[in-house]
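Quick note: residue numbers are just sequence positions, from 1.
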Amino acid sequence: MDLAQMREQYSEAGLREEDVAADPIVQFKRWFEEWLSAKPYDANAVILATADADGWPSARAVLLKGLDERGFVFHTNRRSAKGLDLDRSHRASLCFLWQPLERQVRVVGTVEHLPDDESDAYFASRPRGAQIAASASPQSEVIAGRAELERLTAETEARFAASASVPRPAYWGGYLVRPVTVEFWQGRRSRLHDRLRYRRSDPGSDAGWVVERLAP
């Protein structure tokens, strides 16, 4: 099927309580596989929203790099603006928008550092250029200009020139978002869209999920 046919099929079928999985991670994987079949660019792109110490919200795109029964994983510089927000509040929201299929998934959850061995393994899998960039860039800090960034990159390349690999910087690593609520939105032609929200029956625990329908 092409995108138009997929969109029409999903819109017509809608989203019914009796058809979804009991666990939102399982349901997300179903939808994500369908999204991948559409062959989108940067299929794993997601908007990450945080709030700073003064309560100001901030949102930016990151790439989903892992998903399992624990939750959603992405990696970043922990000294960056988003890293500081996350380490301060330990809370975040994710928004996946798959507009060609008229689908959206919103996640709200608690945030923690990914174990070091998992962060190490992912960093080692990155292209060397990406490893150098992660080590060189003082992410989110004000710099004098492009020349400063190029100087820092050259210095980092020289420092690791004789090394077969670039070690993961201590300030760079993965984050795990453990969902507290997950909402699936399916667009409908009538504009009476379907919204099903999963929430923990006992927040703060690994208790089961309650599925609720929200008005569009």
Should the ring pair Phe96 and Phe72 be called parallel, tilted or perpendicular, given that the plane angle runs from 0 to 90° and is split at 30 and 60? tilted
How close do Leu15 and Gln186 get, counting heavy atoms only, and between which atoms? CB-CB, 4.1 Å
Can Ser58 and Lys82 be counted as having a side-chain donor-acceptor contact under 3.5 angstrom? no
Decide whether a cation-pi geometry holds between Arg103 and Phe184; the criteria are a distance under 6.0 Å from NZ or CZ to the six-membered ring centre and an angle within 45° of the ring axis. no
Strictly by modelled atom types, are Tyr175 and Asp87 linked by a side-chain donor-acceptor pair under 3.5 Å? yes
For the side chain of Arg151 and the backbone of Glu155, is there at least one donor-acceptor N/O pair under 3.5 Å apart? no
Kindly give the heavy-atom pair with the smallest separation between His75 and Leu114, and that separation in Å. CE1-CD2, 3.8 Å
With rounding to the nearest 0.5 angstrom, report the OH to CZ distance, Tyr171 to Arg79. 6.0 Å
Is the side chain of Asp42 donor-acceptor paired with the backbone N or O of Ala45 at a distance under 3.5 Å, no angle test? no
Look at the rings of Trp98 and Trp35 and say which category their plane angle falls in: under 30° parallel, 30 to 60° tilted, over 60° perpendicular. parallel
Indicate the atoms forming the closest heavy-atom contact of Gln131 with Val166, along with that distance. OE1-CB, 3.6 Å
Between Tyr198 and Ala22, which heavy-atom pair has the shortest distance, and what is it? CE2-O, 3.7 Å
Before accepting this row, confirm whether a basic side-chain N of the pair Arg16/Asp194 lies closer than 4.0 Å to the acidic partner's carboxylate O. no
Would you find a donor on one side and an acceptor on the other, under 3.5 Å apart, between the side chain of Asp68 and the backbone of Arg70? yes
Looking just at side-chain N and O atoms, do Arg60 and Thr50 make a donor-acceptor pair shorter than 3.5 Å? yes
